[in-house]
Amino acid sequence: MTDYTEMWTSLGLDVDGHNALLAGLGKAYTDIFLSQKNRPEGMKYFDFVMSEVHGLRIKEIVDAKAQGRTVIGSYCVFVPEELVLAVDGVAVGLCAGAELGFEAAEALLPRNTCSLIKSMFGFKLGKLCPYVESCDVIVGENTCDGKKKAYEIFRPLVKDLYVMDLPQTKSETGRQLLKEEYRKFIAKLEKESGKKVTVQSLKKGIEIVNAKRKAMIRLAAIRAADPAPISGLDALLINQVFFHDDPARFTDSVNKLCDELEERVKNHKGVFPKGTTRVIVSGCPMAVPNWKLPLLIETSNAVIVGEESCVGERGTRWLTESKGNTVEELLDAITDRYFNVDCAVFTPNPSRVNYVKEMTKKLHADGVIHYSLQFCQPYIIESGPVEKELEKSHIPTLRLETDYSQEDAGQLKTRIEAFNERLKRK
Ligand code: BJ8
């Protein structure tokens, strides 16, 4: 195994703390992922990616920087990867899903802040994330109040924080705001990279990201089969890797996996027996290594067949139309694509629940588990009307609120099992 200590040291990581993190992560990965039965062969690529998540991939990023490429980190699917690629940059998702450095984070933030935000601070303050430390620019966004205010405190902790304003309504004014913010972002990217966004470079960026999304759309559609050809845990992992892997290699690996899964479907081969209870998980994003809820669900005689989440279909289901002969026209196409994203920070936000209904139908799900992170007001508040609307459409729904700790695992499992019983009786 390659020793990356020198690289981690040069990035300024706390090497001992980081070694402890990797040891914990490796054990959790073995227990949760490698112990699954009948996994597709194609998952071996993702196992490899995870085994090198802070090693080889970081080396690639460090090498890319040495060749003059700019590394842009972000915490939200509203930050267009197409634009980063158009200046030959490297885009990395930075959201973290582990309860690390929370004590230090709580010295700066109120305790009742969602785990996603605390984790963002925890990883930075603990010097535990080589992705964060590799970034030339970190992009924040004014989405929920928690993030919006937390970025004010985060700014002095990082080299260059660039905050993007985001609309809160799906109005024409909202769309204009988004477009103007993307225009400003292009200027920032051009300044940092020293490269110009051109029609050609933007079309290339759109093509690369669309190919990645098309592979994810293909994967999502295959999961309609019964027996399920892939577990929800593995599908979530792929959605998580989406945010930091090399895009072309990722696309290729997902498509190869899909070839295999389509064969499995033809041969009625699955990871769970035919007829296993099928659920959709809808709500807050689940960042690496947040695998708690899917593990509880899939060890309770149910399989997850879709994720209505930013680490899931909300992040991947729309393509950017590559139409236009000017940067302005392509910018319109990019704005149109991202303006579809139905995050709960929008008001009102009817398309989200409508899509959950659509997913339930096309993926033949028996019910929906709505997942909110504790203290996440947008998703917790929206979960009430979502549940009401789904139940009205005869889609059984379970609302769960949790965080990154394991303390409530037993209680959650009991509720999930009771819900599965309800679904079986349906
Ligand atoms: S587009 S979901 S990635 S903002 S969990 S920090 S909302 S209090 S993450 Fe998100 Fe962009 Fe929306 Fe998607 Fe706030 Fe809630 Fe915490 Fe959240």
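As the structure lists them, so they are numbered: ligands from 1, and atoms in each ligand from 1. Since this is a predicted model, take the numbers as computed values, not measurements. Along the sequence shown, residues are numbered consecutively beginning with 1.
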Query raised in the report: Looking at ligand 1, does G146 have a heavy atom less than 4.0 Å from it?
Result: no

Query raised in the report: Between the main-chain N or O of A228 and the side-chain N or O of R223, is there a donor-acceptor pair closer than 3.5 Å?
Result: no

Requested in this report: Could you check L373 against L116 for side-chain contact (heavy atoms from CB on, under 4.5 Å), going step by step and ending with a plain yes or no?
Outcome: CA-CA 8 Å; L373 275 174; L116 209 80; 3.9 Å; yes

Requested in this report: Take K292 and L412 through the test side-chain contact (heavy atoms from CB on, under 4.5 Å) and record every step on the way to the result.
Outcome: CA-CA 10 Å; K292 173 169 126 176; L412 288 173; 3.7 Å; yes

Report task. Write out all pairs satisfying ring-ring contact (aromatic ring centres under 6.0 Å, His included) with one or both partners inside residues 156-183, taking only residues at least two apart or from two chains. Result -> Y162-F185, Y182-Y338

Requested in this report: Measure P285 to ligand 1 on non-hydrogen atoms and call it side chain, backbone, both or neither using the 4.0 Å cut-off.
Outcome: side chain

Query raised in the report: Could a heavy atom of I117 be found less than 4.0 Å from some atom of ligand 1?
Result: yes

Query raised in the report: Where the closest heavy atom to atom 6 (S) of ligand 1 is concerned, which of K147, R314, Q374, Q377 has it?
Result: K147

Requested in this report: Would you mind checking if E391 and R422 are paired as a salt bridge, meaning a charged N to carboxylate O distance below 4.0 Å?
Outcome: yes

**Report entry** Part of C114 with heavy atoms under 4.0 Å of ligand 1, whether side chain, backbone, both or neither
**Finding:** side chain

Query - Contact check: C284 to atom 16 (Fe) of ligand 1, N/O/S below 2.8 Å - result: no

Requested in this report: Just let me know how C376 lines up against ligand 1, side chain, backbone, both or neither, with a heavy-atom cut-off below 4.0 Å.
Outcome: both

Report task. Using distance alone, with no hydrogens and no angle criterion, decide if T277 and D366 have a side-chain donor and acceptor under 3.5 Å apart. Result -> no

